[in-house]
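First comes the structure, then the notes that go with it.
Remember, predicted model here, so these are calculated numbers, not experimental data.
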Amino acid sequence: MRIGELAARAGTTTRTLRYYEARGLLPARRTGNGYRTYDEDDLRLLTQIRTLQDFGFDLEETRPFVECLRAGHPEGDSCPASLAVYRRKLDELDALLGQLSAVRDTVARQLARAELAAEAGAPDGPEPRCELGRHPW
């Protein structure tokens, strides 16, 4: 198939495919007249790349998965380098979840404090203050 058909089937643009080719993620096969040509294996590579990117992997992080597919592994994620990327991504996500949890706790404390102040509602009550500017992380 030509580049336009591959782009349409993969749900991307020909410009993106040329970029992947320049980065060495997509093979650069050409016909005698210079047209790029692709096959179903290339579509599988693109599907793997796009799925990983949808999950938050950057383009370079997809390289071990592409290389695993090219080496003949049907899923692309059973090779040691792919497993290492998964582990690093999980560590990164765990750290982000910790940060989000800390932010959530801070917002919950601020809400509780603000609700108490709103309930008091006395004009002589304490001056309102917002502590969101100071974060624990």
* Report yes if the side chains of Glu40 and Met1 come closer than 4.5 Å at any heavy-atom pair, otherwise no. => yes

* **Carboxylate-amine/guanidinium contact Arg29 Asp39, below 4.0 Å** => yes

* Asked: Does the side chain of Arg50 come within less than 4.5 Å of Thr47's, by heavy atoms?
  -> no

* Partner of Ile49 under side chain to side chain contact (heavy atoms under 4.5 Å, CB included), chosen from Thr16, Leu69, Val66, Leu26 -> Val66

* **Approximate separation, where rounding is to 0.5 Å, of Leu6 CG and Leu46 CG** => 5.0 Å

* So which heavy atom on Ser82 is nearest to which on Pro64, and how close? -> OG-O, 3.3 Å

* Give the C-alpha distance, both sets of side-chain angles, the deciding distance and a yes or no for side chain to side chain donor-acceptor pair (under 3.5 Å) between Arg104 and Ser101. => CA-CA 5 Å; Arg104 188 202 182 288; Ser101 181; over 6 Å; no

* Do Arg30 and Thr37 come close enough that some side-chain heavy atom pair is under 4.5 Å? -> no

* Gap between atom CG of Leu17 and atom CZ of Arg2 - 0.5 Å precision -> 15.0 Å

* Are the side chain of Thr51 and the backbone N or O of Gln48 linked by a donor-acceptor pair below 3.5 Å? -> no

* Ionic contact status for Arg18 with Glu21, cut-off 4.0 Å -> no

* Asked: In Å, rounded to the nearest 0.5 Å, how long is the span from CZ of Arg44 to CD of Glu75?
  -> 7.5 Å

* **Lys/Arg N to Asp/Glu carboxylate O, Arg70 vs Glu67, below 4.0 Å** => no

* Asked: Ring centroid separation for Phe55 and Tyr86, is it under 6.0 angstrom?
  -> no

* Apply the test side chain to side chain donor-acceptor pair (under 3.5 Å) to residues Arg15 and Tyr19: give CA-CA distance (whole Å), side-chain angles for both, the deciding distance (0.1 Å), then the verdict. => CA-CA 6 Å; Arg15 183 177 180 184; Tyr19 180 71; over 6 Å; no

